[in-house]
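Treat the numbers as computed from the prediction; the structure is a model and nothing was measured.
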Amino acid sequence: MVVPSIISDNRRNLVLTLSVEVVERDLKNFCIFYWKIMSKRIGSIPGLHTAASILEDCPGYKLDMFCIPKHYEEDLDHVLIPSGLINDRIERLARDICQDLGPQPIVALCVLKGGYKFFADLLDKIKQLNRNTDESIPISIDFIRLRSYADDQSTGKVEVLGADNLAGLKGKNVLVVEDIVDTGRTMEKLLNVLQEYQPRNIKVASLLVKRTTRSIGYKPDYTGFEIPDRFVVGYALDYNEYFRDLSHICVINEKGRKKYAKKD
């Protein structure tokens, strides 16, 4: 009489085990299906926008494939993002911003100096959309300057210049336009300063975001490109005030770093 009881218990355990395995398999398949669907739809959700990612092992493009100013030819390793690709990506960012923020008036705040080129091109794209869509966004502009870099390393200290002229931001929708987010500390400092002026809300658009172990985890609302942890120049990004006149985003080489390093 004992043997049938043991067999019955084993059968129940086997059925229970199989049931758990089926549930786990179905749950896993559902999760995979769900994330596939969400990855396709996430770009249409306001406030959630994926960046165009440049892979870690991306070799970039040879310099002789593009027009590089003669005085910089020996100072660069390669072109990381050509100007044409930058232009196309900014067009999409402008559309995302208009869809999320329109038709509410915004104050577009340019972070000088490196952000001026991205700022100008982004506003041009938004103005084009304003002329050719049923809804338009009234835009006013303002400027601020931050200082945090010396040579190719962040100093860890952030100096905010021009913040005393931002009292007009109170109750406004603010779009901060920045060239690059590195560790995120600079942007965090700026946002803390801007919050003191009691804006209605703040959104941040950055052309570049670096993948770096030094990051504090900050992510902008709108990102053009996510790039490897390399020191890039061009498209108004500088190395000690040089390379702002370079149209493409390029990686500087060791010779360029030494040549344009700050002199004691």
Show the nearest heavy-atom pair for residues [X] and [Y], with the distance to one decimal.
X: Ser83; Y: Ser247; value: CB-O, 3.6 Å
X: Ser206; Y: Phe118; value: C-CE2, 3.8 Å
X: Leu194; Y: Leu169; value: CD2-CD1, 3.9 Å
X: Leu129; Y: Cys98; value: CD1-SG, 3.7 Å

Between [X] and [Y], is any pair of side-chain heavy atoms under 4.5 Å apart?
X: Ile180; Y: Val232; answer: yes
X: Pro220; Y: Val209; answer: yes
X: Val79; Y: Leu63; answer: yes
X: Gln104; Y: Leu101; answer: no
X: Leu166; Y: Glu196; answer: no
X: Thr186; Y: Leu190; answer: no
X: Lys259; Y: Glu74; answer: no
X: Leu208; Y: Ile81; answer: yes

State the [atom1]-[atom2] distance between [X] and [Y], to the nearest 0.5 angstrom.
X: Ile249; Y: Ile86; atom1: CD1; atom2: CD1; answer: 3.5 Å
X: Asp179; Y: Phe119; atom1: CG; atom2: CZ; answer: 13.0 Å
X: Asn253; Y: Phe231; atom1: CG; atom2: CZ; answer: 13.0 Å
X: Phe225; Y: Leu80; atom1: CZ; atom2: CG; answer: 9.0 Å
X: Cys67; Y: Leu246; atom1: SG; atom2: CG; answer: 11.5 Å
X: Leu122; Y: Ile90; atom1: CG; atom2: CD1; answer: 6.5 Å

Does any N or O in the side chain of [X] come within less than 3.5 Å of the main-chain N or O of [Y], such that one atom is a donor and the other an acceptor?
X: Asn240; Y: Tyr260; value: yes
X: Asn173; Y: Pro105; value: yes
X: Arg244; Y: Ala236; value: yes
X: Tyr239; Y: Arg257; value: yes
X: Arg89; Y: Thr223; value: yes
X: Asp142; Y: Leu109; value: no
X: Lys210; Y: Arg230; value: yes

Is it the case that more than 12 heavy atoms not belonging to Tyr61 sit under 6.0 Å from its OH atom?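 Open: at most 12 neighbouring heavy atoms sit under 6.0 Å from OH of Tyr61.
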
Do Lys125 and Asn87 have side-chain N/O donor and acceptor atoms under 3.5 Å apart?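 The criterion, which ignores hydrogens and geometry beyond distance, is satisfied for Asn87 and Lys125.
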
Go through the side-chain N and O atoms of Asp75 and Tyr242 and say whether any donor and acceptor fall under 3.5 Å apart.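 Looking only at side-chain atoms, Tyr242 and Asp75 do not form any donor-acceptor pair under 3.5 Å.
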
Test of understanding: clusters of I, L, V, M, F, W, Y form through side-chain heavy atoms closer than 4.5 Å, transitively. Do Val204 and Ile216 belong to the same one?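 Same cluster: Val204 reaches Ile216 through Ile, Leu, Val, Met, Phe, Trp or Tyr contacts under 4.5 Å.
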
Transitive ILVMFWY side-chain link Val107 to Tyr197, under 4.5 Å: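 Linked, Val107 and Tyr197 end up in one cluster.
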
Any Lys/Arg nitrogen of Arg185 or Glu188 sitting under 4.0 Å from an Asp/Glu carboxylate oxygen of the other?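 Between Glu188 and Arg185 there is no salt bridge, as every charged N stays at least 4.0 Å from the carboxylate O atoms.
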
One thing to verify: whether Arg92 and Asp96 come together as a salt bridge, which I'm taking to mean a side-chain N less than 4.0 angstrom from a carboxylate O.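 Counted as a salt bridge, because a side-chain N and a carboxylate O are separated by less than 4.0 Å.
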
Val233 and Tyr72: side chain to side chain contact (heavy atoms under 4.5 Å, CB included), yes or no, with the steps? CA-CA 11 Å; Val233 294; Tyr72 290 144; over 6 Å; no

By side-chain contact (heavy atoms from CB on, under 4.5 Å) - contacts of Arg211 (at least two apart):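 Partners of Arg211 under the side-chain contact (heavy atoms from CB on, under 4.5 Å) test: Ser53, Glu56, Glu226, Pro228.
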
Before you tell me yes or no, could you show the steps for Val111 and Val176 under side chain to side chain contact (heavy atoms under 4.5 Å, CB included), namely the whole-Å CA-CA distance, both residues' side-chain angles and the distance that decides it to 0.1 Å? CA-CA 7 Å; Val111 180; Val176 178; 3.7 Å; yes

